[in-house]
Amino acid sequence: MNSSVSFHPQDDMLLDFSSGRLDDAPAMCISAHLHFCERCRSRVNQLTELGSEVFSKGAPVTLEHDALDKLFARIDSSQEYEVGDTHTASASTAAKHGIYPHVVEKLLSNEDHKPRWRNVSSSLKVARLFTGQNKFEVALHRIKAGGVTPIHNHGGKEYTVVLSGSFSDENGVYNEGDFILKEAGDIHHPVGAKYKDCVCLTALEAPIELPGILGWLMKPILRIHPA
Amino acid sequence: MNAILNSNMRKNAQRIKPLQSQDTPTGKRDDEWTLRLIRVAEHRDRKAFAEIFQHFGPLIKGFARFENVDSDSVQLSDELVQEVMIKVWNKADSFNPNKSAATTWIYTMARNTKIDMLRRVNRQATQSLDNEDYWHPVDEETPISELVRQRTKQTIHEGLSQLPPEQGDVLRKIYLEGKSQSEVAEDMDLPLGTVKSRVRRALDKLQLMVNK
Ligand SMILES: [Zn+2]
């Protein structure tokens, strides 16, 4: 963990994350950021305490009269400790010793959808991650040390979390753990740091598909494939 | 019911490990639910579990409001209560009273399970992650300052009921109904800015979202 994180998600995003209202892909980026950022972990913890207090003062709703009996029957008919389903457990064990945040490790360890690196340019590689949602393309980007990536302009929001190394663009230098949000229409031109490759988690909002040949021509350099 | 309960208690007897006095937390967070949860973890105590169920089950059902889903939402709410409570039973031994209060632990379980259920109901695609996975870095957190957490909880506990009603309403919509701020705005027929400033003022009063 490092404490030199200097770019954080806005409080509004942390609030939506804590109430479970954030879309999956941005939530993955928040989760990855929390891995590195003590400040935001503390904030999210505070919000969970708030959620818990609101919950405990909520209006109770009467249960079915036999709800408890049903539950005990379920407990008795199931093997103890069976419920926490096993595929999850094994995947998270596999993910345990990785170097990346838990969500990334778990997505990388998906046996059915093995991520593969492909070259976008001489200095940029991309590996798409299968996430089971279709609003965003979630991927790892690897910028070669000193590499310059194409100037790009996207149709939707783009969330980035630096997982290792650093890169810079017109607005600053981003280090491990930093969280960057670009709005639709923002243009930027990331450049890798000189001596070390930079790996980022990105979630790129799928733009509205344009029809026909025009749409094909207008697709951005990094084509969107939500998965 | 009692007969079943007793026979099950006998069945579980072999699994019960002896209670050692140093296992129990000393003083500070022995609120009633925490103590009961520890009894469930250590003794598979069905009476303590039934009490937890009777208190939290109806709260979870109130929390389990499913809107905009095709399936029968009442049935889903009852199903959520069952799913959450079975997790409480199965995972009780992973509850760490030094890290959170029982209420917070059960709430996070209810929230995660509800979100996973919504994902299941709303989509066919296989999900790669469970909501728990998103919370991994937070859940793994060792309490840096137990005192800070306690104080935060206390401030929220005392402050929440003192908030002006319009601020409390907004927080309830966010945390109980699971609405985003823009959905709250739409729902209450208010400008988004108004909702955001109510949230902001509430958080300020509760001394939340500050660097601690
Ligand atoms: Zn942060």
Side-chain angles (χ1 to χ4, degrees), chain A residues 11-12 14-17 19-21 24 27-28 30-31 34-35 38-39 41-64 67-72 74-76 80-84 88 92 101-103 106-107 110 113 130-134, chain B residues 1 4 8 46 50 53-54 57-59 61-63 77-78 81-82 85-87 89-91 103-104 107-108 110-111 114-115 123 125-131 133-138 141 144 149 152-153 156-157 160-161 171-172 174-176 178-181 196 199 206 208-209 211-212:
Chain A
D11 284 353
D12 276 355
L14 294 179
L15 185 79
D16 285 345
F17 178 82
S19 67
R21 193 57 190 80
D24 293 351
M28 288 167 205
I30 295 283
S31 180
L34 294 177
H35 173 85
E38 201 182 305
R39 167 196 181 271
R41 275 204 304 276
S42 158
R43 291 184 171 215
V44 166
N45 273 325
Q46 293 167 35
L47 291 174
T48 298
E49 294 293 353
L50 173 62
S52 165
E53 187 69 24
V54 173
F55 163 75
S56 68
K57 289 189 179 148
V61 174
T62 314
L63 300 175
E64 304 164 287
L68 184 58
D69 293 341
K70 268 192 200 161
L71 186 62
F72 277 131
R74 260 171 91 163
I75 286 171
D76 291 331
E80 202 155 4
Y81 299 109
E82 190 193 64
V83 163
T88 308
S92 49
H102 174 79
V103 281
K106 190 160 173 189
L107 293 173
N110 187 336
H113 302 271
F130 178 82
T131 56
Q133 52 82 51
N134 57 14
Chain B
M1 178 70 222
I4 301 171
N8 283 320
R46 290 192 177 216
F53 183 88
Q54 252 112 35
L59 286 176
K61 190 164 176 179
F63 172 67
S77 310
D78 285 318
V81 174
Q82 297 275 321
M85 291 310 296
I86 212 161
K87 282 185 188 169
W89 174 263
N90 283 338
K91 294 184 172 182
T103 305
T104 309
Y107 161 71
T108 56
R111 179 198 56 200
K114 179 181 175 183
I115 294 166
R123 297 187 209 122
T126 327
Q127 294 298 307
S128 305
L129 301 169
D130 298 316
N131 203 50
D133 290 315
Y134 293 83
W135 286 82
H136 196 267
V138 183
E141 180 85 323
I144 297 167
R149 210 187 57 74
T152 303
K153 204 169 174 51
I156 296 171
H157 181 72
L160 192 62
S161 46
L171 292 182
R172 271 186 291 280
I174 290 173
Y175 281 102
L176 289 179
K179 291 198 161 76
S180 69
Q181 296 185 76
K196 287 192 171 190
V199 170
L206 300 171
L208 296 173
M209 301 295 261
N211 295 326
K212 292 195 185 186

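Proteins get letters first, then strands, A, B, ... in listed order; numbering begins at 1 in each.
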>> At a heavy-atom distance under 4.5 Å, which candidate from A:Ile30, A:Val103, A:Leu71, A:Val54 has the highest pair count against chain B?
In response: A:Leu71
> Which bit of A:Leu15 comes within less than 4.5 Å of chain B, counting heavy atoms only: side chain, backbone, both or neither?
Replying inline: both
> Excluding sequence neighbours, so at least two apart, what forms side chain to side chain contact (heavy atoms under 4.5 Å, CB included) with A:Ser56?
Replying inline: A:Glu53, B:Thr103
> By a 4.5 Å heavy-atom criterion (distance strictly below it), what part of B:Ile115 contacts chain A: side chain, backbone, both, or neither?
Replying inline: side chain
> Is it true that the side chains of A:Ser42 and A:Gln46 contain a donor and an acceptor less than 3.5 Å apart?
Replying inline: yes
> Should A:Asp24 and B:Leu129 be marked as a side chain to side chain contact (heavy atoms under 4.5 Å, CB included) after you check the CA-CA gap, both sets of side-chain angles, and the distance that decides it?
Replying inline: CA-CA 9 Å; A:Asp24 293 351; B:Leu129 301 169; over 6 Å; no
> Given a strict heavy-atom distance threshold of 4.5 Å, which part of A:Ala27 is in contact with chain B: side chain, backbone, both, or neither?
Replying inline: both
>> Main chain of A:Leu34, side chain of A:Arg41: is a donor-acceptor contact present, judged purely on distance under 3.5 Å?
In response: yes
>> Going by ring pair (Phe, Tyr, Trp, His ring centres under 6.0 Å), name the residues that satisfy it together with A:Phe55, two or more places apart in sequence or in a different chain.
In response: B:Phe63, B:Tyr107
>> Counting only non-hydrogen atoms closer than 4.5 Å, does B:Lys196 touch chain A with its backbone (N, CA, C, O), its side chain (CB onward), both, or neither?
In response: side chain
> Considering only heavy atoms, which portion of A:Asp11 lies under 4.5 Å from any heavy atom of chain B: side chain, backbone, both, or neither?
Replying inline: both
>> I'd like to know if the side chain of A:Lys57 and the backbone of B:His157 have a donor-acceptor N/O pair within less than 3.5 Å.
In response: yes
>> Quick check for you: among A:Ser31, A:Ala59, A:Pro101, which has the greatest number of heavy-atom pairs under 4.5 Å with chain B?
In response: A:Ser31
>> Taking the six-membered ring of B:Trp135 as reference, does the cationic atom of B:Arg111 (NZ for Lys, CZ for Arg) lie under 6.0 Å from its centre and within 45° of its axis?
In response: yes
> Heavy-atom distance under 4.5 Å to chain B: side chain of A:Lys70, backbone, both or neither?
Replying inline: both
> Picking from A:Val44, A:Leu50, A:Asn110, which has the most non-hydrogen pairs under 4.5 angstrom with chain B?
Replying inline: A:Leu50
> Given a strict heavy-atom distance threshold of 4.5 Å, which part of A:Thr48 is in contact with chain B: side chain, backbone, both, or neither?
Replying inline: both
